Student: 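Let me begin by handing over the structure; questions about it come next.
Naming: A, B, ... by sequence-line order, numbering from 1 per chain. If you're wondering where the values come from, they're calculated on a predicted model, not measured in any experiment.
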There are 2 protein chains.
Amino acid sequence: MNPIPSSRDSGSSLQARLKATCATCNLRELCVPGGVSPHDLDQLDTLVATRRRVRRGEALFRAGDGFDSLYAVRSGFFKTRLTSEDGRDQVTGFQMPGELLGLDGIATEVHSVDAVALQDSEVCTIPFTDLERISAAFSPLQRHFHKVMSREIVREHGVMLLLGTMRAEERLAAFLLNLSQRLRARGYSASEFVLRMTREEIGSFLGLKLETVSRAFSRFQEDGVLEVSNKNIRILDFQALRNLVGVDRGGGQ
Amino acid sequence: MNPIPSSRDSGSSLQARLKATCATCNLRELCVPGGVSPHDLDQLDTLVATRRRVRRGEALFRAGDGFDSLYAVRSGFFKTRLTSEDGRDQVTGFQMPGELLGLDGIATEVHSVDAVALQDSEVCTIPFTDLERISAAFSPLQRHFHKVMSREIVREHGVMLLLGTMRAEERLAAFLLNLSQRLRARGYSASEFVLRMTREEIGSFLGLKLETVSRAFSRFQEDGVLEVSNKNIRILDFQALRNLVGVDRGGGQ
DNA sequence: CGCGAGCTTGATGCCGATCAATGCATGTGG
DNA sequence: CCACATGCATTGATCGGCATCAAGCTCGCG
């Protein structure tokens with residue numbers, strides 16, 4: 001009556017322990033769906049030599065840990081959790097057997113979330129450099145591409161934190177700081193810019209109605225944080241915005 | 001005073017038009033940061049032969065379109081937008097010059113979002129099969145890995161839609177249906193299962209407080225949609241859950 | 001058996017949605 | 001050049017859903 005036993009193959013545990021391979025893994029269809037040749041599968045097996053047990057409540061990895069491996073859940077159950085600098089928590093996903101953990105780490109080679117076991121669990125460790133080598137993907141261009149994809153995943157974690165934990169003004173502050181930083185990276189002013197999108201589109205991104213976005217702009221203007229004229233924005237007080245978001249306390253712009 | 005001119009290099013437009021290359025692109029540091037060899041850069045140039053203009057309001061691609069290329073924004077501004085079956089909209093991001101569009105399409109070879117230009121824009125087209133070939137990544141294993149990453153991006157879009165547009169009971173319904181479907185894919189019952197996480201963790205994932213999660217469970221039970229006993233869940237009325245989420249109207253379980 | 005973590009349920013308050021009116025910029029046709 | 005339409009933004013009034021605060025309750029576990 002327990003639909004998720006912590007170890008699915010405990011019945012044949014001896015054989016499983018001695019020579020479990022990707023080719024014979026009963027999670028294979030989930031973890032490595034069709035189209036992968038037997039040859040590649042063999043190679044994958046040479047990677048996934050090591051297993052690791054993680055006890056309930058323990059972390060497989062933590063935000064800030066260096067990244068070197070991906071992990072496939074073999075048995076058990078995990079959550080991934082993003083914690084912002086001011087202590088807000090957002091669970092970004094739950095992972096069950098056959099699902100992958102650690103993609104967030106590829107971008108910067110440092111993990112950005114905690115992966116915590118919700119019950120005693122076991123994972124297959126997939127060393128990432130080996131994976132790239134075997135995939136015939138050991139090219140700087142390829143690596144770059146992987147990082148871009150991982151960065152997108154990390155970005156979306158940040159949006160989830162915003163949508164899950166922030167109030168209207170905090171969301172708008174985070175949005176403006178993000179925009180400002182990306183414009184600066186492109187050689188434009190970080191403090192003065194033109195919004196290319198409507199209030200309604202900002203609202204749709206931030207999970208708010210356009211009236212709420214408009215009111216937040218007005219309030220920022222009243223408080224001397226922004227100058228707002230239609231789509232023209234000037235940021236007067238970066239620190240006020242940062243305090244709202246709960247990031248980068250103390251750093252002057 | 002306009003910090004984001006729609007075309008940055010209109011001053012040297014003749015040369016830019018005739019032989020713009022990745023190697024000379026003024027967005028290169030954003031689009032292809034260091035570590036990529038001159039040789040790879042040349043190869044990249046052979047890919048990115050075609051440009052495409054997209055007028056304000058037009059779509060670069062739409063959800064449902066077949067995927068074959070990624071796009072780098074060269075000038076202008078885009079939004080990506082996910083629309084659920086019952087018409088909810090969630091903007092999943094805004095893209096400015098040097099940023100990439102289309103990663104959502106790798107997973108299933110069909111785009112899952114609309115990419116709409118917020119102003120007259122230009123993109124560089126990067127045919128994906130060519131990219132994989134040049135990256136020395138034309139291996140089934142590698143392709144699979146790319147799809148896994150893309151699938152994660154698409155999943156997170158779904159979570160953003162949930163967090164941005166749904167009310168408490170709708171969120172919980174979506175969560176339960178998702179869990180149910182993943183358990184079924186692993187050979188477990190879709191209608192009867194044990195939650196491995198606490199109400200608080202569910203709440204943190206769904207952007208709700210634990211009391212709200214608990215109340216939603218109670219209400220589902222009152223309405224005969226679920227049987228709830230601590231962490232043991234039995235789904236009695238799938239269609240009721242689907243109706244809340246606004247997905248899959250009419251399909252029987 | 002008794003403790004404590006996790007859950008349920010109730011009462012109240014607040015934030016943001018909703019509904020509604022007005023303002024303002026842009027564009028179009030007379 | 002003005003009259004008018006249209007899309008977008010602002011602001012106010014009211015409402016509702018969820019957070020918050022506060023008890024109790026249940027179950028698993030030492």
Side-chain angles (χ1 to χ4, degrees), chain A residues 1-2 6 55-57 77 79 88-91 116 118-120 162-176 194-223 226-233 244, chain B residues 1-2 55-57 77 79 87-91 116 118-120 162-176 194-223 226-233 244:
Chain A
M1 240 332 125
N2 184 338
S6 62
R55 237 176 286 274
R56 174 196 176 107
F77 219 95
K79 70 174 174 184
R88 285 181 236 242
D89 264 18
Q90 172 74 34
V91 171
V116 179
L118 298 182
Q119 57 186 235
D120 293 354
L162 180 149
L163 292 171
T165 71
M166 293 187 179
R167 301 191 299 105
E169 291 185 11
E170 297 167 342
R171 295 184 196 197
L172 187 60
F175 173 72
L176 291 171
V194 179
L195 298 173
R196 296 343 270 212
M197 66 293 286
T198 66
R199 302 288 190 265
E200 186 172 14
E201 286 165 332
I202 296 172
S204 171
F205 180 57
L206 298 179
L208 302 169
K209 291 292 155 185
L210 71 96
E211 295 96 324
T212 305
V213 174
S214 177
R215 275 185 248 267
F217 271 126
S218 299
R219 181 160 246 280
F220 281 151
Q221 179 142 6
E222 284 168 32
D223 296 351
L226 296 182
E227 232 175 78
V228 183
S229 168
N230 295 317
K231 307 209 165 181
N232 299 79
I233 303 292
L244 272 175
Chain B
M1 242 333 123
N2 184 337
R55 238 176 284 274
R56 175 196 174 107
F77 219 95
K79 69 174 173 184
R88 287 180 235 241
D89 264 18
Q90 172 74 34
V91 171
V116 179
L118 297 182
Q119 58 185 238
D120 293 354
L162 179 149
L163 291 172
T165 72
M166 293 187 179
R167 301 189 298 104
E169 290 185 10
E170 296 166 344
R171 294 183 197 196
L172 187 61
F175 173 72
L176 291 172
V194 179
L195 298 173
R196 291 350 261 214
M197 66 292 286
T198 66
R199 303 287 190 264
E200 187 172 14
E201 286 165 332
I202 296 172
S204 172
F205 180 58
L206 299 178
L208 301 170
K209 291 293 155 184
L210 71 96
E211 294 96 326
T212 305
V213 174
S214 176
R215 275 184 249 268
F217 272 126
S218 299
R219 181 159 245 282
F220 281 151
Q221 179 143 5
E222 283 169 32
D223 296 351
L226 295 183
E227 231 175 79
V228 183
S229 168
N230 295 318
K231 306 209 165 180
N232 298 80
I233 303 291
L244 272 176

Student: Are the side chain of B:Thr198 and the backbone of B:Glu201 linked by a donor-acceptor contact shorter than 3.5 Å?
Tutor: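 Judged by distance alone, yes, a pair lies under 3.5 Å.
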Student: Just how far, in rounded Å, is C1' of D:dG12 from CD of A:Glu222?
Tutor: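 My rounded result for the distance is 13 Å.
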Student: Quick check on contacts: within residues 165-173 of chain B, what sits under 4.0 Å from DNA chain C by heavy-atom distance?
Tutor: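 Residues of residues 165-173 of chain B that come under 4.0 Å of DNA chain C do not exist, since none gets that close.
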Student: Is a side-chain N or O of B:Glu227 found less than 3.5 angstrom from the main chain of B:Gln221, in a donor-acceptor match?
Tutor: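 Judged by distance alone, no pair lies under 3.5 Å.
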Student: Do A:Arg171 and A:Leu163 come within less than 4.5 Å of each other through their side chains, counting heavy atoms only?
Tutor: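 Yes; the side chains approach each other to less than 4.5 Å.
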Student: What I'd like to find out is whether the side chain of A:Asp89 reaches to under 4.5 Å of the side chain of A:Thr165, using heavy atoms alone.
Tutor: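 Of all side-chain heavy-atom pairs linking A:Thr165 with A:Asp89, none is under 4.5 Å.
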Student: Quickly work out the B:Arg196 CZ to C:dG6 P distance and round it to whole Å.
Tutor: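 Result: 15 Å.
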Student: Rounded to whole Å, please give me the gap between CG in A:Asn232 and P in C:dC24.
Tutor: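 Those two atoms, CG and P, are 17 Å apart.
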Student: A side-chain contact here means heavy atoms from C-beta on lying under 4.5 Å apart; do A:Glu169 and A:Arg219 qualify?
Tutor: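 Result yes, sub-4.5 Å side-chain heavy-atom pair found.
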Student: To the nearest Å, how far apart are A:Met197 CE and D:dA9 P?
Tutor: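 Result: 11 Å.
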Student: Go through residues 203-214 of chain A and report each residue with a non-hydrogen atom lying under 4.0 Å from DNA chain D, sorted by number.
Tutor: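 Heavy-atom contacts with DNA chain D come from A:Leu210, A:Glu211, A:Ser214.
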Student: Hey, is the side chain of A:Arg215 pairing donor to acceptor with the base of C:dT18 inside 3.5 Å?
Tutor: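 Present.
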Student: Could you tell me whether a side-chain N or O of A:Ser218 sits under 3.5 Å from a main-chain N or O of A:Ser214, the two making a donor and an acceptor?
Tutor: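 Yes, A:Ser218 side chain to A:Ser214 backbone: donor-acceptor pair under 3.5 Å.
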Student: Please check if the side chain of A:Thr212 supplies one atom and the backbone of A:Leu208 the other of a donor-acceptor pair under 3.5 Å.
Tutor: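 No.
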Student: Toward the 5' end of DNA chain D, which comes first, A:Phe217 or B:Asn230, by nearest nucleotide?
Tutor: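 Closer to the 5' end of DNA chain D: A:Phe217.
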Student: Is there a donor and acceptor pair closer than 3.5 Å between the side chain of B:Arg199 and the base of D:dT26?
Tutor: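 Side chain to base: no pair present.
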Student: What is the distance, rounded to the nearest whole Å, between atom NZ of A:Lys231 and atom P of D:dT10?
Tutor: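 In whole Å, D:dT10 P and A:Lys231 NZ are 10 Å from each other.
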Student: Return yes if some donor-acceptor pair links the side-chain N/O of A:Gln90 with the main-chain N/O of A:Leu162 below 3.5 Å, else return no.
Tutor: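 Flag not set: sc A:Gln90 to bb A:Leu162 has no pair under 3.5 Å.
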Student: State, yes or no, whether a side-chain contact exists between B:Leu244 and B:Phe220 at a heavy-atom distance under 4.5 Å.
Tutor: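 In short, these two side chains touch, coming nearer than 4.5 Å.
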Student: Rounded to whole Å, how long is the line connecting atom CG of A:Leu195 with atom P of D:dC8?
Tutor: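 Answer to the nearest Å: 14 Å.
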Student: C:dT8 C1' sits how many Å from B:Arg219 CZ, rounded?
Tutor: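 Spelled out: CZ on B:Arg219 to C1' on C:dT8 is 16 Å.
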Student: Report yes if the side chains of B:Ile233 and B:Val194 come closer than 4.5 Å at any heavy-atom pair, otherwise no.
Tutor: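 The answer is no; the side chains never approach within 4.5 Å.
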Student: Is there a side-chain contact between A:Arg199 and A:Phe217 (heavy atoms, below 4.5 Å)?
Tutor: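 Yes - at least one pair of side-chain heavy atoms lies under 4.5 Å apart.
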Student: Considering the terminal five base pairs at each end of the helix from C:dC1-D:dG30 to C:dG30-D:dC1, what angle separates the two local helix axes, rounded to 10°?
Tutor: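 End-to-end axis angle for the helix from C:dC1-D:dG30 to C:dG30-D:dC1: 30°, rounded to 10°.
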